[in-house]
Amino acid sequence: MALINITLPDGTVNEYAAGITCSEVITDVLGRKNGCLAALVDGHERDMSYEIHDSCQIEGIKAESDAGMHILRHSAAHLLAQAVMAIYPDAKPTIGPAIDRGFYYDFAMETITESDLKPIQKKMQEIARKNLTVERVELDDGELREHFAANPYKIEIIDDKIGEGTGSTIYKQGEWYDLCLGPHVQNTAKLMFCKLTSVSSAYWRGDQDREQLVRIYGIVEPTKEALKQTLHRMEEAKKRDHRKLGKDLQLFHIDEEVGQGLILWTPRGAIVRQELQNFIGEHLTRQGYSQVFTPHIGKLDLYRTSGHFPYYQDSQYPPLVEKDLMKKLSDEGCSCSELSNLMKSGEIDGYMLKPMNCPHHVKIYASQARSYRDLPLRLAEFGTVYRWEQSGEISGMTRVRGFTQDDAHLFVTEDQIAEEVLGCIELVQIIFDKLGMTDYRVRVGLRDPDSTKYVGDPKRWDKAEKACRDAAASLGVDWSEEEGEAAFYGPKIDFVVKDVIGREWQLGTVQVDYNLPERFDLTYKGSDGELHRPVMIHRAPFGSMERFCGVLIEHFAGRFPTWLSPTQCHILTISEKHTEYASKVANKLKENGIRVEIDDGDGTIGKKIRTHRKLHPAYMVILGDGEAEGNTVSLRARSGEQVSDIPLDDFITNIVSEINNKSSQPNLV
RNA sequence: GCCAACGUAGCACAGCUGGUAGUGCGUCGGAUUUGUAAUCCGACGGUCGGGGGUUCGAGUCCCUCCGUUGGCUCCA
């Protein structure tokens, strides 16, 4: 029998008989309870049952590793499909991949509801317990098509992804099998700890015009304990949801009667927003920005020039038409669609709620003759824009119809792009750092080389893309290039963060734009005396105040650092005897610019603490006899820790410096 | 926009197979004047998201619109 050499991760080389399986090697090296689900053979993921015939390197894939979890989840998706088929024989499985937090499987079947998940899950456990062997079977083309003859979706996949005559593999567990490349766990017993989490719908191949499928989501973990922990984490995450906290902490309100996706900033939330705006404001001055203000509407002509109307009509609020004109048209029996056509053709005019601030800023640039000495010209505005987002997409503060961008447009020469892009993303980084937001990714959006939708000279694109890439690289954080993610008018750099339920949101963005300067025929006079075209950079470090605050609420779980806390000190009195001292303390704090709330009503101190805790103030200031006599305060932190009898003046000095330094969390206790 | 589930007092929730709405917190009033996660008593407060229908009778069944949630699609 032939012998082969197998190299282990630590460099050891073992000799085995050819034909040995991965499982046997790993068991030999790591023992029976090795916790591995599959193996990495010369860099390729293989099933445990994979037979090795040549010398190679091998490494076990542990269940806890990313690769291991992926296999576990993918296998669980198969198990789900098997269970669904057992209960709904007419269901047609389509695809069922592993995803970040678990897995899903899409079925063509009658719609089911959440309550139907229980029996399915039960069936899954039943099958898992049977400990069926998961077997890889290679089939030729004919066999493959025969196996899936009853399932047009699988046939479509075979048609598209697998060339004629090459055949492919299926994975079989018991009588059930699925088209799949694998690898998978060895047996269904590895999939005991699953939980189906939700049911929803999806379009076949993500195409709105094709069949709507039933999608079932689930999670799976290698152990019971891990599953319990994951479920617990999910529960905890829900408590941090900004929509819940926004209500509990009275930060914002969304009112049906005002409209979907239109945020009402209540006093406490408005403070957070204002503090953030002030924070950016300081940096704007430092970086040489000029503040501007522009109105919320503009003539349709403006957007015809910019190209936003009528091209983006579907994602805009309908235009506003002048009263007299509207009456005249209505008297003439003009229908809505005729009106719309007249607007599109430019025969009649109207106004539009601005869907972005750029055109207004462009007009400020164009209001004067510019020379190269004026550049870069940096115009900044907290500009509120309105977009008609699809009703199903609107969510809390993160996806809304009216929002305020911390916007700015930089008009620069070609040569200034790199430096200015860098300045922009540095600002984003300063902000993220200050707020302790470290869990973000940077995405450099480049053009799709195969597409023709991009405007502008490819050479200029190359240069701008390089500037973005270089800027991203200089950040010292992970970043990725993504082709096809550029806007049609230029490359961009996005800062993307996840919310508590794992959804990604684009916050800060920096975009290079060759298009608008062209469309508005912007120029500047160069040192050569000739007119040149400036380049625009769009930039919003927060993205929008709404989305950013939404994400920030979750980031801090409602426990804002002192400088951002809507109320920084909640003064609680022990009894009504202390009302006078409390108001003295409150006034002193207010004189120092500290935001104070006073509770000098009746009720026990325990009750007051309980009540005020829910608002997560930076500090609770407890005042009783001792404090009144000694002119001191006692503090209680969010953690429950407390310190007594701090001289009032010391407290003020400390908290003021804490606020001025924008310390990350209260630290005086 | 599409699919599904859901929508009961300010908030969190209960109301089984249809018979004219309950609990807790909050609020208000009274008593209490209290040292660090809920002092006691009482009162007010919903017509059950809007509209329509079935029925002798609907929060409870049906239709429709609005909204919310989870996804899908979309995001200049």
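Numbered from 1 within each chain, the chains take letters A, B, ... in sequence-line order.
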query: Which listed nucleotide (B:rG67, B:rA12, B:rA76) is nearest to the side chain of A:M356?
result: B:rA76
query: Is the gap between the ring centers of A:F488 and A:Y454 under 6.0 Å?
result: no
message: Can you work out whether A:I609 or A:D241 has the more 5'-proximal nearest nucleotide on RNA chain B?
response: A:I609
message: Classify A:T113 by what it touches in the nucleic acid, base, sugar-phosphate, or nothing, heavy-atom distance under 4.0 Å.
response: sugar-phosphate
message: Measure CG/A:D209 against P/B:rC3 and give the value in whole Å, please.
response: 14 Å
- prompt: Does the gap between the ring centers of A:F107 and A:Y105 come in under 6.0 Å?
  reply: yes
message: Distance criterion of 3.5 Å, no angle test: do you see the side chain of A:S198 paired donor-to-acceptor with the base of B:rG71?
response: no
Nearest to side-chain heavy atoms of A:Y203, which nucleotide of B:rA5, B:rC75, B:rC72: B:rC72
Aromatic ring proximity A:F548/A:F542, centre distance under 6.0 Å: yes
statement: side-chain contact (heavy atoms from CB on, under 4.5 Å) with A:I622: of A:V633, A:T573, A:L572, A:L635, only one passes, and it is A:L572
Atom-pair distance (CH2 on A:W388; P on B:rC75), nearest Å: 18 Å
query: Are A:K577 and A:D625 ion-paired here, with the side-chain N under 4.0 Å from a carboxylate O?
result: yes
- prompt: Between B:rG71 atom C1' and A:Y104 atom OH, what is the distance in whole Å?
  reply: 10 Å
message: Does A:S315 reach a base, just sugar-phosphate, or nothing at all? Heavy atoms under 4.0 Å.
response: base
field: Atom pair distance, as rounded to whole Å: NE2 in A:H570 and P in B:rA37
entry: 17 Å
Rounded distance (Å) that lies between atom P of B:rA76 and atom CD of A:Q405: 11 Å
message: Regarding A:Q405 and A:S544, do their side chains bring together a donor and an acceptor under 3.5 Å, going by distance alone?
response: no
query: Contact class for A:Q260 vs. all strands (heavy atom < 4.0 Å): base, sugar-phosphate, or nothing?
result: sugar-phosphate
- prompt: Would you say the side-chain atoms of A:Y489 and A:Q511 include a donor-acceptor pair closer than 3.5 Å?
  reply: yes
query: Contact class for A:Q390 vs. all strands (heavy atom < 4.0 Å): base, sugar-phosphate, or nothing?
result: base
- prompt: Has the side chain of A:R399 got a donor or acceptor atom sitting under 3.5 Å from an opposite partner on the base of B:rC75?
  reply: yes
- request: Apply side chain to side chain contact (heavy atoms under 4.5 Å, CB included) to the pair A:Q665 and A:R638, showing each step before the final yes or no.
  value: CA-CA 10 Å; A:Q665 282 296 317; A:R638 287 169 182 154; 2.8 Å; yes
- prompt: Side chain of A:R503: nearest nucleotide among B:rA76, B:rG70, B:rG67?
  reply: B:rG70
- prompt: Choosing from B:rG67, B:rA4, B:rG70, which nucleotide comes nearest the side chain of A:T111?
  reply: B:rA4
- prompt: Salt-bridged, A:R399 to A:E389, with N to O below 4.0 Å?
  reply: yes
All N/O contacts under 3.5 Å from nucleotides 33-35 of chain B to the protein, with atom names and distances to one decimal?
from   : atom 1 : to     : atom 2 : distance (Å)
B:rU33 : O2     : A:E576 : N      : 3.1
B:rU33 : N3     : A:E576 : OE1    : 3.1
B:rU33 : N3     : A:E576 : OE2    : 3.4
B:rU33 : O4     : A:E576 : OE1    : 3.0
B:rU33 : O4     : A:E576 : OE2    : 3.3
B:rU34 : O4     : A:G603 : N      : 2.7
B:rG35 : O6     : A:D625 : N      : 3.0
B:rG35 : O6     : A:G626 : N      : 2.9
B:rG35 : O6     : A:E627 : OE1    : 3.4
B:rG35 : N1     : A:E627 : OE1    : 2.9
B:rG35 : N1     : A:E627 : OE2    : 3.3
B:rG35 : N2     : A:E627 : OE2    : 2.9

- prompt: Looking at the side chain of A:R243, which of B:rU69, B:rU36, B:rG71 is the nearest nucleotide?
  reply: B:rU69
- prompt: Under 4.0 Å between a Lys/Arg side-chain N and an Asp/Glu carboxylate O for A:R233 and A:E236?
  reply: no
message: Please determine whether a side-chain nitrogen of the Lys or Arg among A:D207 and A:R205 lies less than 4.0 Å from a carboxylate oxygen of the Asp or Glu.
response: no
- line: note: A:I254, atom CD1; B:rU69, atom C1'; distance rounded to Å ~ 13 Å
task: Can you tell me the distance, in whole Å, between the CZ atom of A:R401 and the P atom of B:rG1?
output: 7 Å
query: A:R613 near the nucleic acid: base, sugar-phosphate alone, or nothing, with a heavy-atom cut-off under 4.0 Å?
result: base
d(OH, A:Y217; P, B:rG70) in whole Å: 12 Å
- line: From the candidates B:rC3, B:rA37, B:rA76, the one with an atom nearest any side-chain atom of A:Q212 is B:rC3
task: Please determine, for the side chain of A:K607, which listed nucleotide (B:rU36, B:rU39, B:rG71) has the closest atom?
output: B:rU39
query: Between B:rG70, B:rA37, B:rG1, which one does the side chain of A:S200 approach most closely?
result: B:rG70
RNA chain B stem ranges, 3 or more consecutive Watson-Crick or G-U pairs under 3.5 angstrom: B:1-7 with B:66-72, B:10-13 with B:22-25, B:27-31 with B:39-43, B:49-53 with B:61-65
